[in-house]
Amino acid sequence: MEINELTAAEERVWRAFPRGRAVDFREGSDDDPAAGGDWGPERSVRAEVLRALLLDGPRQEGEIASLDLAGARITGRLDLQYATIDHPLRLRNCHFDEAPRCYAARLRELNLSESVLPGFTGHAMHVDGVVRLTRTRCRGVLRLGGARIGGSLYLESAEVTAPAAGVPVLQLNQVDVGDDLRAPGLRTHGQTRLNGATVAGSVNLNEARLSHPEGAALDAETFAVQGDMLLRHAEVRGWMGLRGARVGGRLDLSYTLLSHPGSSALRAASATIGELWLRRSPPLEGALNLRRAQLEVLFVEPESVPEEVLLGDLTYTSLIPHEPAERRLTMLERERDGYVPHAYEQLTAAYRRVGDDHAARLVQLAKQRRHRRTLPWYGRVWGLVQDVTVGYGFRPLRAAGWLLSLLAVGSVTYALHHPQPLKAGEAPPFDPVFYTLDLLLPVISFGQDSAFAPHGGYQLLAHVLVLTGWILATTVIAGVTRTVSRS
């Protein structure tokens, strides 16, 4: 392209390129590139001119060439497919008439901050440095799937709007980011896809607004981030999927609204997460799915637990903040699959790790009661007897109370109405207390029950005492055995 074929605006950009100088067409701080479609030739640059500069532009010895342009209207399509660009590419506060295309391009740096685009195609793009899309407004699909970014990816306060596209509007699937993914204040209207993406640093989505109520607002299946994934003070309308994801640090959803009524709002099945924080979050509008997830720390306040959870095979080391067992048990009662023994065992283990044996026993008692609901009627009756008598062995003092009460009843009754001796000449002196103890304690004998035999209603009372003694003894032994086996 010859310089005499350029407009005045294009010639200005052409002459600045070899020296790496910036060209700024902005007329003031309130210059809005959204109105760039009305900018005239004094601020317009053809995309083919920019392409020619990047591929084979003039050079000046001793200078580093770069394309640094602000406040321009880019007419036509900037097509850099498969190109290798050795210069930084900065097109800030620009208005693009057509979506740039950088499929499989190799770039040093890409900066489209505060620009307005009808879309962007950067599949399989390789950028040695950073990609800046800070406050960029994209009115179509932003495609970065499979891109390799050596530095950080910046999407602070960016906006991607294409709800009727029929495909994810922000495509970061399989992207590989060598540092951080910074997107605080991100706004998307449509699905954001992070499937298979990897981030060597951390992810910042604080104060983001992700909206796709009819489906996935953030789909990050098998996503991997070595640091933290922060999503604080955010709003996600549509489900958030982290199935099989790996978060080395903290997944922080504090103060964040997750909304997908009628289905799962957070899907983190089979995920491996250092710490999951649901601190001061409003209750999820939808189910919480943590099936088969592995967590070191689960920070969830009872008030943030939704009406439905899926916790099958969830494992965690610590559960914070420390709450009474009664407040934690409500979460297990909301299990969609009903009675899940593993969930009770995990909660019991968490209490034992912090030395709260009382809370651990309460959880085990609740487990037995929940299990009782799944039994046939005769099993429920037997379980109710064990619960009322000794709390399934987790309340042994209750057994002592029952024994003392029955001992008093039996002793007074048989003191007033002595049973007849089986052999009058051989029977020992009758003692109503030891006789009642003989009936109540099946493994101890004082020689009374074998020497005397009551009749009528007093014989029925003897049978009741024997049966009650067996129930109390076997239930207490079973409870002690469970406690010892878990110690």
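Small disclaimer: the values here were computed from a predicted structure and weren't measured.
A heavy-atom distance below 4.5 Å is found between the side chains of Leu170 and Leu186. Residues Glu307 and Leu284 are not in side-chain contact: their nearest non-hydrogen atoms beyond the backbone lie 4.5 Å or more apart. By the 4.5 Å heavy-atom criterion applied to side chains, Ser44 and Thr7 are not counted as neighbours. Looking only at side-chain heavy atoms (C-beta outward), Val45 and Val23 stay at 4.5 Å or farther from each other. In this structure, the side chains of Arg328 and Thr330 stay at 4.5 Å or more apart for every pair of heavy atoms. Within the 4.5 Å cutoff, side-chain heavy atoms of Leu89 are placed close to those of Leu80. At least one side-chain heavy atom of Leu347 sits less than 4.5 Å from a side-chain heavy atom of Leu319. A heavy-atom distance below 4.5 Å is found between the side chains of Arg279 and Tyr255.
One finds no salt bridge joining Arg59 and Asp86 here, because no Lys/Arg side-chain nitrogen approaches an Asp/Glu carboxylate oxygen to under 4.0 Å. Salt-bridge formation is detected for the pair Arg336/Glu308: a Lys NZ or Arg NE/NH1/NH2 atom is positioned less than 4.0 Å from an Asp or Glu carboxylate oxygen. With salt bridges taken as basic N to acidic carboxylate O contacts below 4.0 Å, one links Glu159 and Arg139. In summary, Asp252 and Arg250 engage in a salt bridge, as defined by a charged side-chain N under 4.0 Å from a carboxylate O. Taking a cutoff of 4.0 Å between a charged side-chain nitrogen and a carboxylate oxygen, Arg327 and Glu303 qualify as a salt bridge. A salt bridge links Arg90 with Asp68: the closest approach of a Lys/Arg side-chain nitrogen to an acidic carboxylate oxygen falls below 4.0 angstrom. A salt bridge is defined here as a Lys NZ or Arg NE, NH1 or NH2 lying under 4.0 Å from an Asp or Glu carboxylate O, and Arg243 with Asp219 fails to meet this definition. Between Glu333 and Arg373, at least one side-chain N (NZ, or NE/NH1/NH2) sits under 4.0 Å from a carboxylate O, which counts as a salt bridge.
For the pair Gly122 and Ala147, the tightest heavy-atom approach, listed with the atom from each and the gap, is O-CB, 4.0 Å. Scanning both residues, Gly146 and Arg148, for their nearest heavy atoms gives O-NH1, 3.1 Å. Of all the heavy atoms in Arg73 and Trp39, the pair that sits closest is NH1-O, 3.2 Å. Here the shortest heavy-atom pairing between Gly119 and Ala99 reads O-CB, 3.2 Å. Closest approach of Gly71 and Arg26 over heavy atoms only: CA-CG, 3.7 Å. Of all non-hydrogen atoms in Asp97 and Pro118, the two that sit nearest each other are O-CG, 3.7 Å.
For Arg246, there are no salt bridge (charged side-chain N to carboxylate O under 4.0 Å, His left out) partners, not counting sequence neighbours.
The backbone N or O of Gly338 lies less than 3.5 Å from a partner atom in the side chain of Arg370, making a donor-acceptor pair. The backbone N or O of Asn93 lies less than 3.5 Å from a partner atom in the side chain of Ser115, making a donor-acceptor pair. With hydrogens and angles ignored, the 3.5 Å screen pairs a side-chain donor or acceptor of Arg380 with a backbone N or O of Leu375. Between the Ser281 side chain and the Ser304 main chain, no donor and acceptor come within less than 3.5 Å of each other. Between the side chain of Ser264 and the backbone N or O of Asn289, no donor-acceptor pair lies under 3.5 Å. Under a 3.5 Å cut-off, the side chain of Asn195 and the backbone N or O of Glu221 do form a donor-acceptor pair. The backbone N or O of Tyr103 lies less than 3.5 Å from no partner atom in the side chain of His123, so there is not a single donor-acceptor pair. Side-chain atoms of His212 never come within 3.5 Å of backbone atoms of Leu218 as a donor-acceptor pair (strictly under, hydrogens ignored). A donor-acceptor pair under 3.5 Å is absent between the side-chain atoms of Arg108 and the main chain of Ser66, judged by distance alone. Formation of a donor-acceptor pair under 3.5 Å by the Arg334 side chain with backbone atoms of Pro306 is found in this model.
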### Task
Before giving the answer on side-chain contact (heavy atoms from CB on, under 4.5 Å), spell out for Asp357 and Arg352 the whole-Å C-alpha distance, their side-chain angles and the decisive distance to 0.1 Å.
CA-CA 6 Å; Asp357 291 333; Arg352 286 205 174 106; 4.2 Å; yes

### Query
Where do Leu251 and Leu242 land on the side-chain contact (heavy atoms from CB on, under 4.5 Å) test, with the steps shown first?
CA-CA 11 Å; Leu251 172 58; Leu242 290 164; 3.5 Å; yes

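In this model, no donor atom of one side chain and acceptor atom of the other lie less than 3.5 Å apart for Ser113 and Arg92. At a cut-off of 3.5 Å, with distance as the only test, a side-chain donor of Thr198 or Asp176 sits close to an acceptor on the other residue. Looking only at atom types and distance, the side chain of Gln294 has no donor-acceptor partner in the side chain of Thr272 under 3.5 Å away.
In this structure, Arg12 is positioned above the aromatic face of Phe25, its NZ or CZ under 6.0 Å from the six-membered ring centre and within 45° of the axis.
The 12-atom threshold is not exceeded at CD1 of Ile64, counting heavy atoms of other residues, nucleotides or ligands nearer than 6.0 Å.
Between Tyr339 and Tyr344, the two ring planes are tilted [angle within 30° to 60°].
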